[in-house]
Amino acid sequence: MLFLDSGAVRKALPMERAIGLMAGVMRSYSGGEVTQPLRTILRPPGEDGVFASMPCHVTGDLPGYGLKAIMLRPGNRDKGLPVHIGVVLVFDPETGFPLALLDGAELTAIRTAAVSAVATDTLALPGAGDLAVIGSGVQARSHLEALALVRDLRRVRVYSPTEGRAEDFRRWAASWLAVPVEVTPTAGDALAGADLVCTATSAKEPVVFGRDLAPGAHVNAVGASVADARELSGDAVARCAVFVDSRESAASESGDLRVPLAEGLIGPDHVRAELGEVLLGRHPGRGDAAEITLYKSLGMAAQDIVSGFAAARAARELGLGADVPYPAP
């Protein structure tokens, strides 16, 4: 069995490769080629964190079974440690033996941003390039890397409630991105006139409001992935044409969508389509140049499992990771 730490995962699955893979995953999911239940979430009383288990079976070029087990530990941020910790385990399609165990945090950062890049390339205006990033952590960084591959960025503004972290993000981005990168004092300042938006926060309550979204913008909302967390206000969601990774997951797990539905700000048909349905040509996607599109990302096991198989295959070719014999009975 192959063991891949975060560095090996990063080398084995470059973002350019991940974007193409995730487009295929979204088509496969909406095309009925994925067997995937809703994730199981454990939140014991008094615990600072969430544990999620995500099994899946995929078909296609990288077929097989896999499982993601991930912990969300918000308190780790103050310790200088990753907030997401976990593993992805994929199984040999022929024998069923464990094939590879991969760092789940790194894989999550790559595949989440890669899917947002697919959504951006599919739904954003062709000339969009003024990017607002709300949040300054791992996902904010991976999203900037991914979006720079699908749009020519002209300007980047970042907001974080922790100014020092926002400044760290600015310095990191400015070190490799040849466009202006600014830290703003409020989320509204970052969003003013932006035609690309990524929200990647740990917020429980909205940080993005309808008044702050520019006509024609495309929003990737990735931070709130449980039913009691929100990044977007109800009026912001109501202004948007909403696209999701999975209708089932969105209806069950998205506070960004469930709360405005309960408040009567949106109806049960407010979700236009799954991203995969747009990629398959079953839905046209954006309606016009003034429409605000929103891709609400919750993440799916299929994204992790396909990424895991791809990274494991590449790692063997590149000689990455630690290969430990798995004894047969």
Side-chain angles (χ1 to χ4, degrees), residues 13 15 17-40 52 54-68 88 90 93 107-108 110-124 143 146-147 149-150 198 218-222 224-227 237 240-258 261 266-287 291-310:
L13 190 64
M15 189 64 75
R17 167 72 168 140
I19 291 171
L21 278 174
M22 293 303 98
V25 171
M26 303 315 293
R27 283 191 289 265
S28 294
Y29 177 79
S30 294
E33 299 174 0
V34 171
T35 303
Q36 173 186 281
L38 287 172
R39 68 188 114 199
T40 299
M54 302 162 62
C56 181
H57 179 267
V58 296
T59 60
D61 294 336
L62 295 163
Y65 291 92
L67 172 71
K68 179 180 180 179
V88 171
V90 293
L107 206 65
T108 298
I110 295 168
R111 63 82 157 151
T112 304
V115 179
S116 292
V118 174
T120 300
D121 204 30
T122 305
L123 299 170
H143 273 73
L147 264 63
L149 293 172
V150 297
C198 289
H218 170 70
V219 182
N220 297 300
V222 304
S225 57
V226 291
V237 174
C240 295
V242 178
F243 300 83
V244 297
D245 45 17
S246 161
R247 291 180 186 271
E248 182 184 26
S249 297
S252 176
E253 300 173 343
S254 174
D256 278 324
L257 302 180
R258 288 166 58 93
L261 177 62
I266 63 174
D269 298 326
H270 194 67
V271 172
R272 293 277 184 92
E274 292 176 347
L275 177 59
E277 293 174 323
V278 181
L279 295 170
L280 288 168
R282 298 175 181 175
H283 189 281
R286 170 180 288 275
E291 191 168 61
I292 303 172
T293 54
L294 165 63
Y295 172 61
K296 178 54 202 169
S297 169
L298 287 163
M300 302 192 304
Q303 298 164 354
D304 298 294
I305 303 317
V306 170
S307 297
F309 277 117

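Computed over heavy atoms, backbone and side chain alike; hydrogens, waters and symmetry mates excluded.
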(message) Side chains of Arg247 and Val271, heavy atoms from C-beta outward: is any pair under 4.5 Å?
(response) yes

(request) Please test Ser116 against Tyr295 for side-chain hydrogen bond (donor to acceptor under 3.5 Å, both in side chains), starting from the C-alpha separation and ending with a verdict. (result) CA-CA 8 Å; Ser116 292; Tyr295 172 61; over 6 Å; no

(message) Just verifying a value: how many Å separate Leu13 CG and Leu107 CG, rounded to the nearest 0.5 Å?
(response) 6.5 Å

(request) Quick one: closest heavy-atom pair of His270 and Val237, and the distance? (result) NE2-O, 2.9 Å

(request) State the CD1-CZ distance between Ile110 and Arg17, to the nearest 0.5 angstrom. (result) 12.5 Å

(message) For a quick test of reading the model, state the closest non-hydrogen atom pair linking Ala310 to Leu21 and the distance between them.
(response) CB-CD1, 3.4 Å

(request) Take Asn220 and Thr120 through the side-chain hydrogen bond (donor to acceptor under 3.5 Å, both in side chains) test and state the conclusion after the steps. (result) CA-CA 8 Å; Asn220 297 300; Thr120 300; 2.9 Å; yes

(message) Are Leu298 and Ser246 packed together at the side-chain level, in the sense that at least one heavy-atom pair is separated by less than 4.5 angstrom?
(response) no

(message) How close do Gly285 and Val278 get, counting heavy atoms only, and between which atoms?
(response) CA-CG1, 4.0 Å

(request) Give a yes or no answer on whether the side chain of Glu291 reaches the backbone of Cys240 with a donor-acceptor pair at less than 3.5 Å. (result) no

(message) Using a strict threshold of under 4.0 Å (side-chain N to carboxylate O), is an ion pair present between Arg272 and Glu277?
(response) no

(message) Measuring only between side-chain heavy atoms, which start at C-beta, is Thr59 closer than 4.5 Å to Ser28?
(response) no

(request) Please lay out, stage by stage, how Ser307 and Arg111 fare under the test side-chain hydrogen bond (donor to acceptor under 3.5 Å, both in side chains). (result) CA-CA 7 Å; Ser307 297; Arg111 63 82 157 151; over 6 Å; no

(message) Looking at every heavy atom in both Asp245 and Gly299, which two are closest together, and how far apart are they?
(response) OD2-N, 2.8 Å

(request) Look up atom CG in Leu257 and atom CD1 in Ile266, then write down how far apart they are to the nearest 0.5 Å. (result) 5.5 Å

(message) Looking at Thr112 and Thr108, would you say the former's side chain and the latter's main chain have a donor-acceptor pair under 3.5 Å?
(response) yes

(request) Tell me, with the steps shown, if Arg39 and Glu253 meet salt bridge (charged side-chain N to carboxylate O under 4.0 Å, His left out). (result) CA-CA 9 Å; Arg39 68 188 114 199; Glu253 300 173 343; 3.0 Å; yes

(request) Could you tell me which non-hydrogen atom of Thr293 sits nearest to which non-hydrogen atom of His218, and how far apart they are? (result) OG1-ND1, 2.8 Å

(message) Are the side chains of Tyr65 and Val90 in contact, using a 4.5 Å heavy-atom criterion?
(response) no

(request) Could you tell me whether the side chain of Val34 reaches within less than 4.5 Å of the side chain of Met300, counting heavy atoms only? (result) no

(request) Find out whether Ser254 and Ser249 are in side-chain contact, i.e. whether some heavy atom of one side chain is under 4.5 Å from a heavy atom of the other. (result) no

(message) Within the structure provided, determine whether Cys56 and Leu67 are in side-chain contact (heavy-atom separation under 4.5 Å).
(response) no

(message) Does any part of the side chain of Tyr29, heavy atoms only, come nearer than 4.5 Å to the side chain of Gln303, both counted from C-beta?
(response) no

(request) Quickly, which of Val118, Leu280, Val244 forms a side chain to side chain contact (heavy atoms under 4.5 Å, CB included) with Leu275? Name it, please. (result) Val118

(message) Any side-chain to backbone donor/acceptor pair from Arg286 onto Ala124? Under 3.5 Å, distance only.
(response) no

(request) Looking only at non-hydrogen atoms, find the nearest pair between Glu274 and Ser30 and report the distance. (result) OE1-OG, 2.6 Å

